[in-house]
Number of protein chains: 2
Amino acid sequence: MQRVTIAQVAERAGVSTATVSRVLSRRGQVSAAVERKVRRAADDLGYQVNVIARALRNSRTDTVGMVVPSITNPFFTSLVESVEHALGREGKELFLCDARSDPRIEARRLASLAARNVDGIIVSPSHGVDSRPAVQQTADRLPLVQLDRFVDGTTTDWVGVDDVAAMRQVMDHLHDGGTRSAAFIGSLMTHSSTEQRFAGFRRRAEELNIEVKPDQVLLGDYSVEWGEAAVARLIAEGGLPDALVCADDLIALGATRACRAHGFAVPQQVQVTGYDDIEFSRLAEPALTTVHQPRDRIAAEAVRLLAAASLAKDAERGPHARISLVPTLVVRDSTRATQAPPART
Amino acid sequence: MQRVTIAQVAERAGVSTATVSRVLSRRGQVSAAVERKVRRAADDLGYQVNVIARALRNSRTDTVGMVVPSITNPFFTSLVESVEHALGREGKELFLCDARSDPRIEARRLASLAARNVDGIIVSPSHGVDSRPAVQQTADRLPLVQLDRFVDGTTTDWVGVDDVAAMRQVMDHLHDGGTRSAAFIGSLMTHSSTEQRFAGFRRRAEELNIEVKPDQVLLGDYSVEWGEAAVARLIAEGGLPDALVCADDLIALGATRACRAHGFAVPQQVQVTGYDDIEFSRLAEPALTTVHQPRDRIAAEAVRLLAAASLAKDAERGPHARISLVPTLVVRDSTRATQAPPART
DNA sequence: CACCTCAATGCAATCGATTACAGTCGAGTT
DNA sequence: AACTCGACTGTAATCGATTGCATTGAGGTG
C-alpha cells in the first residue's frame with residue numbers, strides 16, 4: 001500500500017538516488033553492474049515513478065489536454081479516439097474534458113488543464129465568440145491547437161476541413177440529382193463550422209441557381225431533436241424544398257426521421273444530406289449521404305503541430321498554421337444519384 | 001509566459017509564502033488587512049496555483065481516473081458523461097482513458113493513472129478474466145470501483161444493474177407478445193455483462209417454455225457489424241426464430257438492419273430487443289425495444305463509493321459493496337405488444 | 001612517477017505549495 | 001507587575017525525482 005520511492009530503491013541497491021534516477025530514466029552513464037543491481041531492486045520493490053514529482057521537477061507531463069463541446073456527439077468521440085491513438089504513438093497521454101457546450105465551463109477546463117501543466121492543449125471551441133478570452137489566454141501560456149471549429153480572431157494553430165469545398169461537393173451532387181430548391185438546417189452561427197458550411201452552401205446554391213428561400217434557413221443546435229423540430233416547422237410553414245442540407249449528421253438524422261414521420265419519402269420526395277459521417281449515418285433508414293471528415297489525418301496533424309510548438313517554445317513563435325484538409329462526399333441512399341438508380345455504399 | 005509562483009506573490013505583498021498559502025487555501029488565521037494585500041497581489045500577478053506542486057505535497061489531486069473499454073460505444077460515452085457530472089458536484093475532475101478493449105492497454109492505463117496519483121479509479125473492465133491482475137493490483141493501491149462490468153474473482157466495490165432481472169422483463173414481454181422461440185446474440189463470454197445477461201435469458205426462457213436451439217446462441221462482440229453477421233448466419237443455417245435477444249443495442253441495431261435487408265419484417269416476422277438504451281436505439285427503424293440503464297444513478301453511486309473509500313482509507317477496508325440497480329424495460333416498435341396494436345414511445 | 005582524462009557515482013539544490021513548530025505581540029488576569 | 005492566552009506570522013522541513021557540480025579512481029601519457 002505504501003508507495004515505493006526512489007530512495008527505497010537506492011537503499012536496497014546500495015547506491016544513491018541520483019544513480020537510480022539515471023538508470024531509470026536512461027540518462028547519463030552508469031556501469032552495467034550497477035544498472036543491473038538497480039533494476040533488480042526496482043523490480044523487487046515494484047517501483048513506479050511518481051509522475052507528479054517528476055512533473056514538478058522538469059515541468060513536463062507527457063500529457064496533452066483535450067476539450068470538446070460534447071462527448072456525447074459521436075463526431076467528437078471518434079475525433080477523440082483518433083487523437084488518442086496519435087498521441088499514443090508519441091508516448092503521450094490524453095486528458096479529456098467535456099465543456100458541455102458552455103464557454104464558462106470550457107474556460108474552467110482550460111484553466112485547470114493549464115494548472116496541471118499539460119504539455120499542450122487541443123480544443124474544439126464551444127462558441128465562436130464567447131470562447132475567445134479563455135482560448136486566447138490559454139494559448140498565450142502554452143501550445144494550443146484548435147480543431148475542427150475555431151474562435152474568431154484568435155491567433156493559434158488550427159486544423160480542420162475545408163467546409164466551403166465540402167459544401168460545394170454536396171451542392172453539386174444535389175444539383176446533379178435534379179435539385180432546384182434547398183433549405184439549410186444548422187446551428188446558431190456561434191460555431192465557425194456552421195458559419196463556413198452555410199457560406200459554402202449559399203455561394204454554391206447561387207452559382208447553381210438553386211433556390212433558397214430566406215425563411216428556409218433554420219438555425220438551432222447540433223442535435224437530433226433540432227433536426228426533427230426544424231422539419232416540422234418547414235412543413236407547417238409552407239412545405240419542404242427539394243433538398244434539406246444539414247450542418248451535421250445528428251440534425252440530418254432527425255430531419256430524415258421527421259420527413260418520414262410526416263409521410264415524405266426520402267429521397268424520392270425530399271433529399272437529405274448530413275456532415276461528419278458518424279457511424280450511425282450509415283445505419284439510418286435510408287443510409288445518409290454525408291461528408292466524411294478525415295479524422296485520423298486531422299488528429300495526426302494536430303499532434304504534430306503541438307509537438308512542433310513545444311519545441312520551438314518562446315523562441316520564434318512564428319506565424320500560426322492553418323491546416324485545411326479536404327473532406328470527401330459519401331453518397332448513400334438519402335439523395336438521388338445522377339440518374340434514377342439509387343446508390344449503395 | 002513565465003508562471004507566477006507563490007513566492008512572487010509573497011514578495012509583492014510583503015509577507016511570507018506561508019501566509020500567502022494560508023490565505024489562498026483558506027486554512028489558518030490571517031488578519032483581514034493582510035488577506036486583502038495578498039489577494040490584491042495574487043490578482044495583480046494573475047497567480048494560479050500549481051496543481052502539480054500541491055499534489056506532490058499533499059498527495060491528493062482531486063482527480064479521478066476512469067477507464068472504459070471503448071469510448072466510441074455510446075453506452076460508455078453517456079456513462080462517462082454521467083460520471084463527469086457527478087464528480088463536478090464534488091469539485092473533482094475526470095481523467096478519461098480508452099482501453100480499446102485490450103486488457104494489456106487497460107493495464108497500462110491503470111498503472112499510469114495510479115502513477116499520476118489520482119484519488120480513485122472507476123473502471124469498466126475490458127475482459128472478465130484477463131483484466132484481473134491489473135484491476136486487483138490497482139485496487140490494492142487505491143480506491144477503485146468497477147462499473148457495469150466486473151472481473152471475476154476480484155474484491156472491489158461494484159455498481160451496475162441486475163442483468164438477470166432485466167432479462168426476465170425482456171423475456172416476459174416477448175412471451176406476452178406470443179414468442180415461442182428465441183435466439184441470443186451476444187459477445188464472447190469474456191464480459192461479465194454478457195454472462196449475466198445470457199444466464200438471465202436462458203433461465204427465463206426455460207421457465208416460460210420458450211425454445212432456444214443450441215446453435216442459436218451466437219457470440220461475437222459488441223458491435224453493429226457482429227449483429228449483422230450473426231443474423232446472416234442464422235438465416236443461412238436454418239432461419240430465424242420468433243425473437244432475437246441481443247446483449248446490447250449495437251448488436252440489436254445491426255441485427256435489425258440485417259433482418260430487413262434479408263426481407264424479414266421487424267417486428268411482424270421477427271422481434272428484436274437490445275440492451276442499454278443508447279440514444280440511437282430510439283432513432284432506429286423501427287425504434288428499438290431495449291433495457292434502460294439508470295446511468296446517472298450508477299454514476300452517482302460510484303462516485304459516492306469512491307469518496308467513502310478515500311476517507312476510510314486503510315483503516316477498515318470493510319467488506320466491499322456490490323450495488324445492483326434495477327433497470328427498466330423500454331418498449332418501442334421492434335417487438336409486438338401484448339395484443340396486436342404496435343406500441344409507441 | 002607526476003599529471004591528465006574521463007567514466008562512474010554521490011551530494012545537495014531545486015521544482016512550488018503546504019504545514020509543524022516556534023516566535024512575537026497585545027490584551028486580559030490575578 | 002508578572003503571567004497567560006490566543007491571534008498572527010515567519011522559518012524551515014517536506015513531498016519525490018532530477019541534475020549541476022564535485023569527487024573518486026582507473027587507465028593512459030610523457
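Values in this document were obtained by computation on a predicted structure and should not be read as measured data. No hydrogens, no waters, no symmetry mates; every other heavy atom, side chains included, goes into these values. Note on naming: letters A, B, ... go to the chains in the order of the sequence lines (proteins, then strands), and numbering restarts at 1 for each one.
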Six-ring centre of B:Tyr47, B:Arg39 cation under 6.0 angstrom, axis tolerance 45°: no
Centre of B:Phe95's six-membered ring, under 6.0 Å away, within 45 degrees of the axis: is that where NZ or CZ of A:Arg116 sits? no
Separation of [N] [atom2] from [X] [atom1] (nearest whole Å):
X        : N      : atom1 : atom2 : result
A:Gln48  : D:dG16 : CD    : P     : 14 Å
B:Arg60  : C:dA17 : CZ    : P     : 17 Å
B:Arg22  : C:dC21 : CZ    : P     : 14 Å
B:Glu11  : C:dG16 : CD    : P     : 14 Å
A:Asn117 : C:dC15 : CG    : C1'   : 10 Å
B:Gln8   : C:dA17 : CD    : C1'   : 14 Å
A:Ile6   : C:dG10 : CD1   : C1'   : 13 Å
B:Leu45  : C:dA17 : CG    : C1'   : 16 Å

Residue [X], side-chain heavy atoms: nucleotide from [options] that is nearest:
X       : options                : answer
B:Arg54 : C:dT18, D:dT18, D:dG10 : C:dT18
A:Ser16 : D:dA7, C:dG10, C:dT18  : C:dG10
A:Thr19 : D:dT9, C:dT18, C:dT9   : C:dT9
A:Ser31 : D:dT9, C:dA12, C:dT9   : C:dT9
A:Ala53 : C:dA12, D:dA12, D:dA17 : D:dA17
B:Gln29 : C:dA12, D:dA7, C:dT18  : D:dA7
A:Leu56 : D:dC15, D:dT11, C:dC15 : C:dC15

Which of these, B:Pro69, B:Ser101, B:Ser126, sits in a side chain to side chain contact (heavy atoms under 4.5 Å, CB included) with B:Glu106? B:Ser126
Identified side chain to side chain contact (heavy atoms under 4.5 Å, CB included) counterpart of A:Leu113 within the set A:Ile121, A:Thr138, A:Val64: A:Ile121
Among B:Thr63, B:Thr61, B:Asp119, which residue meets the side chain to side chain donor-acceptor pair (under 3.5 Å) test with B:Lys92? B:Asp119
Which part of the nucleic acid, if any, lies within contact of B:Val20, taking any heavy atom under 4.0 Å across all strands shown: a base, the sugar-phosphate backbone alone, or nothing? nothing
Indicate, with a heavy-atom threshold strictly under 4.0 Å, whether B:Arg57 touches base, sugar-phosphate, or nothing. base
Does a side-chain N or O from B:Thr17 land closer than 4.0 Å to OP1 or OP2 of C:dA17, or not? no
N/O (side chain, A:Thr5) to phosphate O (OP1/OP2, D:dG16) under 4.0 Å: no
Could you check B:Ala32 against A:Asn58 and say which one's nearest nucleotide on DNA chain D is further toward the 5' end? B:Ala32
